[in-house]
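What follows is a single structure, written as structure tokens, with notes after it.
No hydrogens, no waters, no symmetry mates; every other heavy atom, side chains included, goes into these values. In what follows, every chain begins at residue 1, and chains take the letters A, B, ... in the order their sequences are listed.
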2 protein chains.
Amino acid sequence: MAFGLSFKQQQFEVREEAILDAVNHLLSEKGYDLMTMDDVADEVGVAKGSLYKHFSSKEKLAGAVLTRLLRETLARLDAMTAEWTAARKLEEVLRWSLQHRLRGGVPHLPSTSRSFQRSLMRNLDYLGHAMRLQKRLKELVAKAREDGELSAQVADEVIIFTLYSRSCDPTVEFLKQSGNLSDEQIVEAMVAATFGGLSKR
Amino acid sequence: MAFGLSFKQQQFEVREEAILDAVNHLLSEKGYDLMTMDDVADEVGVAKGSLYKHFSSKEKLAGAVLTRLLRETLARLDAMTAEWTAARKLEEVLRWSLQHRLRGGVPHLPSTSRSFQRSLMRNLDYLGHAMRLQKRLKELVAKAREDGELSAQVADEVIIFTLYSRSCDPTVEFLKQSGNLSDEQIVEAMVAATFGGLSKR
DNA sequence: GTCTATACACCGATAGAC
DNA sequence: GTCTATCGGTGTATAGAC
């Protein structure tokens, strides 16, 4: 077996993806603190003990989901056409994050749990990807600033933190629950509110 | 003792306020799920069992803190001068919420815990105050809309939910932690970003 | 009402058979 | 590597003495 993975290894990979999918769903549904390893085991359909053969702790498990999300986000940035302005790209990042959440995905920011946040700061794999994304966003903000497309009233760091924060904004769930707007309308309303503001222009 | 409260009753009230202050602090620090009754008892300086003579459960205890916050917010609205426009009043509500958080207060929205959110929906005292605040905000939004001060791109419900959500926006903590801005600058940056938007006008 | 002590349940992680 | 069973720890809530 010189090329590719053995059947066993493939099966292992598939199960691991299934675990991550389940955690992704449960994290967005219940948050880190309320998600239990029993929940995960039940949703995947394996015994709780088996999870620990894949991930050595709950923190590592949740961290792997967020790392995968960061990888997807970076890939998404890479795939954007060069024709778009930097400001447009920033808008698209937000748009994609909101769509991801409306499809039941975990938000980029685990705003829920302080203990989880601290564990992420000790997760080198996560940190590496987070820094790469941070760097990309900073470059885009600098470029958009040069183009004169960003408000002079709002500092660069405020813009970046705001983009992160919108990805876990509870407004998404409120609007979803009110039932007056479609998913697409929710995304566009929040993008308009974030970049255009609440006040009349 | 025809007027006022007896000494015993006064002491009881004072202790109850002390408990609520401690919970207010702990909730904003650790969130609902991670805050334990032991934490509360330690911070107040009473035995854990004694807490249950004041509040019959952790949910009731946390609910009382949020109800008190809603009362304060309503009082704050009542105290606003009639000279201000409706749009200015909305801005001031946001400003006060952010200041409150920067002083270590709980956010209006317990975005952290789903179980706590559900318990609030069964807390009649909380619900009553929440609906009164909701009504006041709706009136202000309607008035500001009449005045032509709000963006036509953003629906009324999006505006109201956005205001609620900003009160628990993690951007506050990010900016605080980055250390580049004073508390006042953080408030003004977020108010500007929320009402003015990120894009150049 | 306040304390100490404890009941009861849940959860993260591990042990050991297969 | 997956299962069942269980340990150790922690958290809410209660019991009972004072």
Scan B:Lys8 against the nucleic acid and name what it touches under 4.0 Å (heavy atoms): base, sugar-phosphate only, or nothing.
nothing
Are A:Thr73 and A:Leu69 close enough that some pair of their side-chain heavy atoms sits under 4.5 Å apart?
yes
B:Phe12 vs B:His54 aromatic rings, parallel, tilted or perpendicular, using cut-offs 30° and 60°?
parallel
Within residues 22-40 of chain A, those residues having any heavy atom closer than 4.0 Å to DNA chain C are A:Met35, A:Thr36, A:Met37
Reported NE2-to-CZ distance for the pair A:His129 and A:Arg71, which is rounded to 0.5 angstrom:
4.5 Å
Taking atom P of C:dC11 as reference, at what distance in whole Å does atom NZ of A:Lys58 sit?
9 Å
Does B:Glu17 pair with B:Arg68 as a salt bridge, N-O distance under 4.0 Å?
yes
Would you call the rings of B:His108 and B:Trp96 parallel, tilted or perpendicular, taking 30° and 60° as the class edges?
perpendicular
Heavy-atom check, side chain of B:Ser165 versus side chain of A:Phe174, under 4.5 Å
yes
At a 4.0 Å cut-off to heavy atoms of chain B, the contacted part of DNA chain D spans D:dG11 to D:dT14
Answer yes when A:Arg101 and A:Glu173 have at least one side-chain N-carboxylate O distance shorter than 4.0 Å, and no when they do not.
yes
When you measure from the centre of the six-membered ring of A:Tyr52, is the NZ or CZ of A:Lys58 under 6.0 Å away and within 45° of the axis?
no
Using a heavy-atom cut-off of 4.0 Å across all strands, would you classify B:Lys53 as base, sugar-phosphate, or nothing?
base
